**Q** 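Sending over a structure as structure tokens; questions will come in a sec.
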Number of protein chains: 2
Amino acid sequence: MPRTGRRPGESGTQQAILDAARAAFTGTGYDGATVRGIAREAGVDPALVHHYFGNKEHLFVEAMQLPFDPAVIIPALLAPGIDGIGERITRMFLTVWGSVERNNPFIGLLRGAMTHERSATMLREFVTKAIIGRVTAALDVEQPQLRANLVASQLIGLAFTRYIIRIEPLASTPTEDVVTAVAPTVQRYLTGDLSAADSRA
Amino acid sequence: MPRTGRRPGESGTQQAILDAARAAFTGTGYDGATVRGIAREAGVDPALVHHYFGNKEHLFVEAMQLPFDPAVIIPALLAPGIDGIGERITRMFLTVWGSVERNNPFIGLLRGAMTHERSATMLREFVTKAIIGRVTAALDVEQPQLRANLVASQLIGLAFTRYIIRIEPLASTPTEDVVTAVAPTVQRYLTGDLSAADSRA
């Protein structure tokens with residue numbers, strides 16, 4: 001667990017670690033980056049990196065200023081079980097995004113992934129490990145990874161249309177109405193029959 | 001309709017029009033840009049813009065090098081009626097994206113919308129007019145615009161995850177399997193009950 005009390009003088013070291021982490025993640029991807037290599041670039045002992053930022057995943061969350069911590073959020077969503085999980089995931093996602101400012105570095109991360117192969121790799125590896133890996137480990141269904149991918153596709157698209165290009169009326173629709181409309185999609189992707197051609201109106 | 005036969009010497013004029021169009025759309029948005037203003041910037045008569053590129057919408061499609069023409073694709077998808085429309089839309093969308101190169105200018109358009117307010121406005125206005133407007137005009141359901149917004153959210157997210165960051169196994173799943181998994185979502189958004197809490201497995 002990262003320390004929260006910070007003495008004067010520590011901030012320069014922490015900033016050097018965060019800068020080295022960003023460079024490492026962007027340069028070699030999430031899987032390729034190591035705490036040891038990041039510590040070396042920052043000129044500190046790896047133990048200090050762990051001391052300040054915990055493990056590699058949490059260092060990524062801090063370095064990229066993610067608006068959420070998958071290690072906290074995902075277990076909380078999964079804990080009550082499969083029933084209503086679509087609704088819980090959708091509501092949590094909308095709540096987090098509703099608090100993200102337009103100039104949040106996280107938006108830059110998504111933007112980078114659209115043009116730079118390395119950024120796309122980094123984002124893909126992190127999403128796969130930290131988010132999709134946790135969800136699929138908890139699901140007792142066939143094709144758990146494809147299911148988690150499909151959920152990601154709906155939620156990322158929802159963020160883009162509602163919060164980034166802000167198409168109307170979606171952008172102004174109350175959160176709970178969006179939850180009601182989208183949660184059945186997320187629930188079906190996670191627990192429904194994906195191979196059945198179900199085009200009921 | 002734009003001319004297709006192009007004599008030598010015309011290409012410089014056409015390029016000047018396209019450059020002026022890109023600047024106008026980016027600068028004042030899709031709604032704010034006019035064929036007259038674009039012609040003035042390019043130093044040509046508005047009639048020549050219409051002659052080469054048809055109306056404003058088609059000029060946008062050409063200037064932004066969109067991989068599809070909504071004026072052609074959307075009526076074709078809507079023509080057979082509401083039955084199976086989710087499947088037709090999803091299949092067409094995946095087919096178009098499957099042919100888009102990573103360095104397509106269209107990707108730059110999406111990227112721009114993530115950081116620049118003006119680009120977001122331009123994309124929102126175009127999507128609203130040229131795509132959502134056509135779909136909602138053909139749907140005899142309540143909340144047609146919100147429904148079209150929700151479809152856009154799913155399809156844009158599908159493009160991002162499958163073709164841009166390429167998460168697996170979604171990126172490698174055969175198109176028809178993705179159609180089977182996603183089409184019921186699109187169908188439900190367009191014709192289903194959006195207010196019912198339907199969390200069946």
Side-chain angles (χ1 to χ4, degrees), chain A residues 82-87 102 107-108 110-111 113-115 117 120-121 123-124 127-128 132 143 145-146 148-150 152-162 164-171 173 177-178 180-185 187-189 191-201, chain B residues 82-87 102-103 107-108 110-111 113-115 117 120-121 123-124 127-128 132 143 145-146 149-150 152-162 164-171 173 177-178 180-185 187-192 194-201:
Chain A
I82 226 71
D83 237 37
I85 191 168
E87 189 177 322
R102 193 170 177 79
I107 307 274
L110 295 178
R111 187 181 74 248
M114 293 190 125
T115 33
E117 188 61 37
T121 300
L123 187 59
R124 179 179 63 244
V127 168
T128 301
I132 293 176
Q143 297 183 286
Q145 288 180 311
L146 179 61
N149 285 187
L150 289 167
S153 80
Q154 172 61 88
L155 295 183
I156 288 173
L158 192 57
F160 190 76
T161 48
R162 179 171 162 92
I164 297 178
I165 71 168
R166 296 200 295 279
I167 53 176
E168 293 291 355
L170 180 59
T173 299
D177 292 350
V178 180
T180 304
V182 172
T185 297
Q187 185 75 36
R188 176 176 162 273
Y189 286 158
T191 64
D193 183 356
L194 297 186
S195 60
D198 173 6
S199 53
R200 79 212 164 87
Chain B
I82 225 72
D83 238 36
I85 191 168
E87 189 179 323
R102 194 169 177 79
N103 58 359
I107 308 275
L110 294 179
R111 188 181 75 248
M114 293 188 124
T115 32
E117 188 63 38
T121 299
L123 187 59
R124 180 181 61 243
V127 168
T128 302
I132 294 176
Q143 298 183 287
Q145 288 180 312
L146 178 62
N149 285 186
L150 289 166
S153 80
Q154 172 61 87
L155 296 182
I156 289 174
L158 192 58
F160 190 75
T161 48
R162 180 172 163 91
I164 296 179
I165 71 166
R166 296 199 296 278
I167 54 177
E168 292 291 354
L170 181 59
T173 299
D177 292 351
V178 180
T180 304
V182 173
T185 298
Q187 186 74 38
R188 177 176 161 272
Y189 286 159
L190 288 177
T191 63
L194 297 185
S195 60
D198 172 7
S199 54
R200 79 211 165 89

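The structure presented is a predicted model; accordingly, all values stated were derived computationally and were not measured. Sequence lines set the chain letters: A, B, ... in the order given, protein chains first and strands last, and positions in each chain run from 1.
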**Q** Return yes if some donor-acceptor pair links the side-chain N/O of B/Arg166 with the main-chain N/O of A/Arg124 below 3.5 Å, else return no.
**A** no

**Q** Less than 4.5 Å to any heavy atom of chain A: does that hold for the side chain of B/Ile132, its backbone, both, or neither?
**A** side chain

**Q** Name the option with the most non-hydrogen atom pairs under 4.5 Å to chain A; the candidates are B/Thr128, B/Leu146, B/Val127, B/Leu150.
**A** B/Leu146

**Q** What heavy-atom pair brings A/Arg162 and A/Ala171 nearest, and what distance separates the two atoms?
**A** O-CB, 3.6 Å

**Q** Can you see which heavy atom on A/Phe160 is nearest to which on B/Ala113, and at what distance?
**A** CZ-CB, 4.4 Å

**Q** Examine whether an atom of B/Gln143 lies under 4.5 Å from a heavy atom of chain A, and if so say whether it belongs to the side chain, the backbone or both; otherwise answer neither.
**A** neither

**Q** Treating B/Glu168 as the side-chain partner and A/Asn149 as the backbone partner, does any N or O pair qualify as donor plus acceptor under 3.5 Å?
**A** no

**Q** Given the options A/Thr121, A/Ile167, A/Ile82, A/Thr161, which has more heavy-atom pairs under 4.5 Å with chain B than any of the others?
**A** A/Ile167

**Q** Under 4.5 Å from any heavy atom of chain B, what part of A/Val178 do you find: side chain, backbone, both or neither?
**A** neither

**Q** Under 4.5 Å heavy-atom distance to chain B, tell me which part of A/Ser153 shows up: side chain, backbone, both or neither.
**A** both

**Q** Counting only N and O atoms by type, is there a donor-acceptor contact under 3.5 Å from the side chain of B/Gln187 to the main-chain atoms of B/Ile85?
**A** yes

